[in-house]
Engineer: 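The structure that follows is given in the form of structure tokens.
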There are 2 protein chains.
Amino acid sequence: MAESSRITARNRVRADARRNRERVLVAARVVFAEHGIDAPMATVARRAGVGVATLYRHFPTRDALVRGAFAQQMETCARALTEALAAPDPWQGFQQLVETVCALQREERGFPAAFLAAFPESTSEHAQARQRAERDFTTLVRRAQAAGALRADFHPSDLAVVLLAHCALVTALPDDGAASRRLVAYLLQSFRADSANRPLPPPTALTLRSFPIATDSPQRRRSSSA
Amino acid sequence: MAESSRITARNRVRADARRNRERVLVAARVVFAEHGIDAPMATVARRAGVGVATLYRHFPTRDALVRGAFAQQMETCARALTEALAAPDPWQGFQQLVETVCALQREERGFPAAFLAAFPESTSEHAQARQRAERDFTTLVRRAQAAGALRADFHPSDLAVVLLAHCALVTALPDDGAASRRLVAYLLQSFRADSANRPLPPPTALTLRSFPIATDSPQRRRSSSA
DNA sequence: GTCCAAGCGGACGATCGCGTCCACTTAAGA
DNA sequence: TCTTAAGTGGACGCGATCGTCCGCTTGGAC
């Protein structure tokens, strides 16, 4: 208590510094959404209305910036997992989890790449969080399988497959999310033990031609060349 | 006849030029496989043992190089579609087609991105080929649905969804293809009208952590930083 | 109001990829 | 063998991005 309210020598952070840090985070989300996480650092700085040095002081590496920008989304993912575990019906929990994470990837452009980028990190703190997430998800899977709702041969690693594939889809397409919803629905259906035919969301208007990809790799926005 | 065997003024192509062109194509496939299609042109040139100028003369743009390097694979795709149409069982044809294209994407690293990159192109020649491919695939889908094997709500555009998602998967993972096979199997299963539970290929050993992705976008190889 | 260190911004040198230009080499017809 | 134009290679200029350095500004304690 005293610790958090007292202004100590260590605790002094100038108001403008804190404000700038926040501005940078907001700008980063916007810029990453528009140009992908490879966008020049200078662009983020300009957008935030600060100098490059300021940006680099707060976030020494691009990685730190990405992590900072999407910390909130990562938090949401973690919460979704907790809620899924707490759900009375494990299949409901499972389905909800996949859909929540995918929806997040879909809505916050730039997040998908960041989401994936966050995982190889081996900070002891992060490693711990990741291990816990993996353990929890495995528990969820086992429960859903025990309930006879999730197919027995589903493997926890399949989540990685799904998320990676889905990530690419939403990053590559400046879409309303139709493709994403379509893919998720297909996959969730084949994950069900009974694999009943449930209605799918409407098909996308996509043609192969409609990909906004030229020479660039699919992960890149091409807003600059448009 | 005479036209093809006769050496005309227009036809003269020096032997070394032809040889270099071929070397460049081979080098391009190797380099693109290793570093992605964003790899520096100079790297391709060095690998081919030719100068940059030579490379640029044969392929004025990166796009032309990519197209040239993977022309054979595109050809294979086209043939697969033709064969699928000719198959007695339309579902067999459909399945075969998806698996062939995905296998191709899986085996020839760098091809997936190239494959997608090839489509937005609007050369009249290419546009025609593409239109035909779309028409043929739609026919195949209708037949498979009429046979009661493919679910009625499958839409031809779903192919684009599948290929894009799959493309990202194989590009991002320096994998033995387990993830790719897994995804394809899941999807094909949910494409079946009956959605019977058939055995899946074995699960991958993947963890979220195992993605070879740092700050880079998932499409990038990171061999340089390894 | 005064002071000073935390904070700031932008200039700068370094690095990298691109695509062109030009002087040299060589295949191949006569 | 001679000729010549197609073919070649690498140096070069350009532009983008990176990350640092340094002199100026300003919050906030006293």
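Naming convention: chains lettered A, B, ... in sequence-line order (proteins, then strands); numbering from 1 in each chain. Computed from heavy atoms alone, side chains included, the values below leave out hydrogens, waters and symmetry copies.
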Engineer: Can you work out whether B:Asn20 or A:Arg19 has the more 5'-proximal nearest nucleotide on DNA chain D?
Structural biologist: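 Checking each residue's closest nucleotide, the 5'-ward one belongs to B:Asn20.
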Engineer: Starting from C1' on C:dG7, measure out to CZ on A:Arg57 and report it in whole angstrom.
Structural biologist: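 From A:Arg57 CZ to C:dG7 C1': 6 Å.
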Engineer: Apply ring-ring contact (aromatic ring centres under 6.0 Å, His included) to B:Phe191 and A:Tyr186, showing your working.
Structural biologist: CA-CA 8 Å; B:Phe191 292 160; A:Tyr186 269 133; 4.7 Å; yes
Engineer: Roughly how many Å is it from CZ in A:Arg14 to P in C:dC4, rounded to a whole number?
Structural biologist: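 Rounded to the whole Å, the gap is 15 Å.
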Engineer: Check the distance between D:dA11's P and B:Arg46's CZ and give it to me in whole angstrom.
Structural biologist: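 It works out to 13 Å between those atoms.
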Engineer: Rounded to the nearest 0.5 Å, what separation is found between the CG atom of B:Leu81 and the OG1 atom of B:Thr76?
Structural biologist: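 OG1 of B:Thr76 is found 12.5 Å from CG of B:Leu81.
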Engineer: With rounding to the nearest 0.5 Å, note down the distance linking SG in B:Cys102 to CG in B:Leu163.
Structural biologist: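 Taking SG in B:Cys102 and CG in B:Leu163, the distance rounds to 5.5 Å.
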Engineer: I need the OH-C1' distance between A:Tyr56 and C:dA11, as an integer number of Å.
Structural biologist: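 Rounded to whole Å, this separation is 14 Å.
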Engineer: Specify the separation, in whole Å, of atom CZ of B:Arg21 and atom P of D:dT8.
Structural biologist: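 Result: 12 Å.
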Engineer: Select from B:Ala15 and B:Met41 the residue whose nearest nucleotide in DNA chain C is closer to the 5' end of that strand.
Structural biologist: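 The residue closer to the strand's 5' end, by nearest nucleotide, is B:Met41.
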Engineer: Tell me the interatomic distance from A:His35, atom NE2, to D:dA16, atom C1', rounded to whole angstroms.
Structural biologist: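 So the NE2-C1' distance, A:His35 to D:dA16, works out to 15 Å.
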Engineer: When the nearest nucleotide of DNA chain C is assigned to B:Pro60 and to A:Thr54 on a heavy-atom basis, which residue is associated with the more 5' position?
Structural biologist: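 Result: A:Thr54.
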Engineer: Under 30°, 30 to 60°, or over 60°: which ring-plane class applies to B:Phe154 and B:Phe137, parallel, tilted or perpendicular?
Structural biologist: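 Answer is perpendicular, since the angle exceeds 60°.
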Engineer: Would you mind classifying the nucleic acid contact of B:Ala53 as base, sugar-phosphate or nothing, using non-hydrogen atoms under 4.0 angstrom?
Structural biologist: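 Contact class for B:Ala53: base.
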Engineer: Which nucleotide wins on minimum distance to the side chain of A:Ala17, given the candidates D:dA11, D:dT17, C:dG7?
Structural biologist: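 Of all the options, the side chain of A:Ala17 is nearest to C:dG7.
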Engineer: Kindly give the heavy-atom pair with the smallest separation between A:Leu65 and A:Ala28, and that separation in Å.
Structural biologist: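 Taking A:Leu65 first and A:Ala28 second, the nearest heavy atoms are CD1-CB, 3.9 Å.
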Engineer: Please tell me if A:His58 has a side-chain N or O lying less than 4.0 Å from either OP1 or OP2 of C:dG7.
Structural biologist: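 Negative; the distance criterion is not met.
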Engineer: Distance check needed: D:dC24 C1' versus A:Asp16 CG, whole Å only.
Structural biologist: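 Roughly 14 Å, once rounded to whole Å.
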Engineer: Give the rounded distance in Å between these two atoms: CZ of A:Phe59 and C1' of D:dT20.
Structural biologist: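 A:Phe59 atom CZ is separated from D:dT20 atom C1' by 19 Å.
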